[in-house]
Amino acid sequence: MAVVKPFCCVHPARGLEQKIAALPYDVYNREEARRAVEGKPLSFLNIDRPETQFGPEQDMYAQEVYEAAKERLQKMQEDGSFVKEESPVYYIYELTMEGRSQTGIVGCASIDDYEQQVIKKHEKTRAEKEEDRIRHVDICGAQTGPIFLAYRSHGRIRDIIGGIKAAEPEFSFETEDSIRHAGWKVTEKSVLLELEQAFLQVGNVYIADGHHRTASAVKVGQKRRKAYPDYDGTEDFNYFLSVLFPDDELMIMDYNRVVKDLNGLTMEAFLGMVSEKFETILMEEPERPQEKGQITMYLRGYWFRLIARREYIQEDPVEGLDVAYLQRELLGPVLGIRDPRTDQRIDFVGGIRGMEELKRRADSDMEVAFAMYPTSIQELFAVADAGLLMPPKSTWFEPKLRSGLFIHEI
């Protein structure tokens, strides 16, 4: 049973949603973040990436940087840019990309559900990345970036959401990447209760995107529990900000790989080793993989279709993934990429950037590129249900949730 509670949401004042909403903090490097906030004083990225308020020489993990985020958040509440609900609400949050919509429920999930694996994960987190968000949440006293959770589609929840969306939204705007964002506030007590009870029937929920934010929120909650040993479980620090989407509305895009060199091999020797593990077909034009078991490779001006050989395919939920096959049979033994989490010779490119970006990287700072067939949401569920972890960078969800539209104070 998944606990999903309404909360006293902090949100932009009506009419400011578009100016405040920002992509998640972790889609930018430092220079990209600095450029993204230029001329945008209300952008939430100023809070999510507070080092943008300092010069390039500033240690981005210094105490004063996190304090600056807290001060800016407080200032925007004081000047009315943000307002806080007086009683708990849910929000319905719809994102529309290229005519396809997905609709989630904004609420708070339980840190106990995370620890008891009602909320399941599929990725390993890194302590240094957790520490940044732990300090940000702890010092700001707020969770500023929603966790993207998925659940198996539930008929009653779908019907309730449909009824709510029949009314005019609280906000609706289009972002620079042509994504339409719309939100409806749920205040009626009977509907709040019905939604909360409906989630108790869905069983497990799954972290789709935001493993580091989840782990950080849980650790801050545990820290607050130690500081307040008389807590009764109703306090806000026992919950973390989430948006929950049904699995049948989600789109996972490919998450592709580029490698810096051929590990000392000639092109001919490398292709010979590739052909041992893949049926290799020279392509006239670049084309994304069309089905599971296919990979498109670009190397020195040539495009190849790689088809996994049946005898090397495994049925294990993790080892059966295309990204695992590529790592196990080619990236590791042939190109020497033993740990893709730490090896500086490999980089990852989200499918939203297209095939041209893979060609550009392989023709500039890299040598060879691999375009993957997207991991499915069912594969993600199977890995999480088995208590296993996916290889890094296995999924790229689009569209991205915006930060700053919903804030949960703890």
Checklist entry - Checking side-chain hydrogen bond (donor to acceptor under 3.5 Å, both in side chains) for the pair Lys121/Thr214: CA distance, chi angles, key distance, verdict? => result CA-CA 10 Å; Lys121 59 186 179 181; Thr214 309; over 6 Å; no
Using a 4.5 Å cut-off on heavy atoms from C-beta on, say whether the side chain of [Y] contacts that of [X].
X: Ile346; Y: Lys260; result: no
X: Arg158; Y: Pro246; result: no
X: Asn263; Y: Arg345; result: yes
X: Val218; Y: Glu115; result: yes
X: Arg213; Y: Phe240; result: no
X: Val89; Y: Val186; result: no
X: Pro340; Y: Phe348; result: yes
X: Trp396; Y: Asn256; result: no

Gap between atom [atom2] of [Y] and atom [atom1] of [X] - 0.5 Å precision:
X: Glu194; Y: Ile157; atom1: CD; atom2: CD1; answer: 10.0 Å
X: Phe82; Y: Ile47; atom1: CZ; atom2: CD1; answer: 5.0 Å
X: Leu262; Y: Met267; atom1: CG; atom2: CE; answer: 8.5 Å
X: Asp322; Y: Ser394; atom1: CG; atom2: OG; answer: 10.0 Å
X: Tyr302; Y: Leu271; atom1: OH; atom2: CG; answer: 10.0 Å
X: Phe7; Y: Ser87; atom1: CZ; atom2: OG; answer: 12.0 Å

I'd like to know if [X] pairs up with [Y] as an ion pair, taking the criterion as any Lys NZ or Arg NE/NH1/NH2 lying under 4.0 Å from an Asp or Glu carboxylate oxygen.
X: Arg360; Y: Glu357; result: yes
X: Arg34; Y: Glu38; result: yes
X: Glu51; Y: Arg49; result: yes
X: Glu17; Y: Arg402; result: no
X: Glu123; Y: Lys129; result: no
X: Arg35; Y: Glu31; result: yes

Item to check | Evaluation steps, side chain to side chain contact (heavy atoms under 4.5 Å, CB included), between Glu85 and Tyr91 | outcome: CA-CA 11 Å; Glu85 297 293 336; Tyr91 263 87; 3.9 Å; yes
Counting only heavy atoms not in [X] (residues, nucleotides, ligands), do more than 12 fall under 6.0 Å from its [atom1]?
X: Arg353; atom1: CZ; result: no
X: Met1; atom1: CE; result: no
X: Glu128; atom1: CD; result: yes
X: Tyr61; atom1: OH; result: no
X: Glu98; atom1: CD; result: no

Item to check | Lys19 vs Lys40, side chain to side chain contact (heavy atoms under 4.5 Å, CB included): CA-CA, chis, key distance, verdict | outcome: CA-CA 8 Å; Lys19 291 182 178 180; Lys40 297 179 180 178; over 6 Å; no
For [X], which residues count as a side-chain hydrogen bond (donor to acceptor under 3.5 Å, both in side chains) partner, sequence neighbours excluded?
X: Gln117; answer: none
X: Asp79; answer: Ser81
X: Thr266; answer: none
X: Trp184; answer: none

Checklist outcome for this item: side-chain contact (heavy atoms from CB on, under 4.5 Å) with His122: of Thr375, Val318, Thr395, only one passes, and it is Thr395
Please list all pairs passing the salt bridge (Lys or Arg N to Asp or Glu O under 4.0 Å) test where one or both residues lie in [range], with sequence neighbours left out.
range: residues 216-228; value: Asp112-Arg225, Glu130-Lys219, Asp138-Lys223, Asp138-Arg224
range: residues 233-258; value: Asp254-Arg288
range: residues 376-385; value: Lys120-Asp385, Arg152-Asp385, Lys292-Glu379
range: residues 295-309; value: Glu287-Arg305, Arg300-Glu367

Next on the checklist: Does either side chain, that of Gln63 or that of Glu67, offer a donor lying less than 3.5 Å from an acceptor on the other one?
Outcome noted: yes
Item to check | Any donor-acceptor N or O pair under 3.5 Å, side chains Glu71, Gln53 | outcome: no
Checklist entry - Would you call the rings of Tyr93 and Phe245 parallel, tilted or perpendicular, where under 30° means parallel and over 60° means perpendicular? => result tilted
Next on the checklist: Classify the ring geometry of His181 against Phe173: parallel below 30°, tilted from 30° to 60°, perpendicular beyond 60°.
Outcome noted: parallel
Checklist outcome for this item: Sequence neighbours excluded, the answer for ring pair (Phe, Tyr, Trp, His ring centres under 6.0 Å) partners of Tyr206 is Phe381
Next on the checklist: Are Phe171 and His11 an aromatic pair, judged by ring center distance below 6.0 Å?
Outcome noted: no
Checklist entry - Is the backbone of Arg156 close enough, under 3.5 Å, to the side chain of Asp159 for a donor and an acceptor to pair up by distance? => result no
Checklist entry - Would Lys393 and Tyr255 satisfy side chain to side chain contact (heavy atoms under 4.5 Å, CB included), going step by step from the backbone distance to the final call? => result CA-CA 6 Å; Lys393 313 297 185 182; Tyr255 215 154; 3.5 Å; yes
Item to check | Worked check of side chain to side chain contact (heavy atoms under 4.5 Å, CB included) between Leu330 and Phe278 | outcome: CA-CA 10 Å; Leu330 185 59; Phe278 295 90; 4.1 Å; yes
Listing, residues 140-151 side-chain donor-acceptor contacts under 3.5 Å, not counting sequence neighbours, or none:
from	atom 1	to	atom 2	distance (Å)
Gln143	OE1	Leu241	N	2.8
Gln143	OE1	His408	ND1	2.7
Gln143	NE2	Tyr239	O	2.9
Thr144	OG1	Asp48	OD1	2.9

Item to check | Residues in salt bridge (charged side-chain N to carboxylate O under 4.0 Å, His left out) contact with Asp113, at least two apart in sequence or another chain | outcome: none
Item to check | Test salt bridge (charged side-chain N to carboxylate O under 4.0 Å, His left out) applied to Glu174 - qualifying residues, sequence neighbours left out | outcome: Arg180
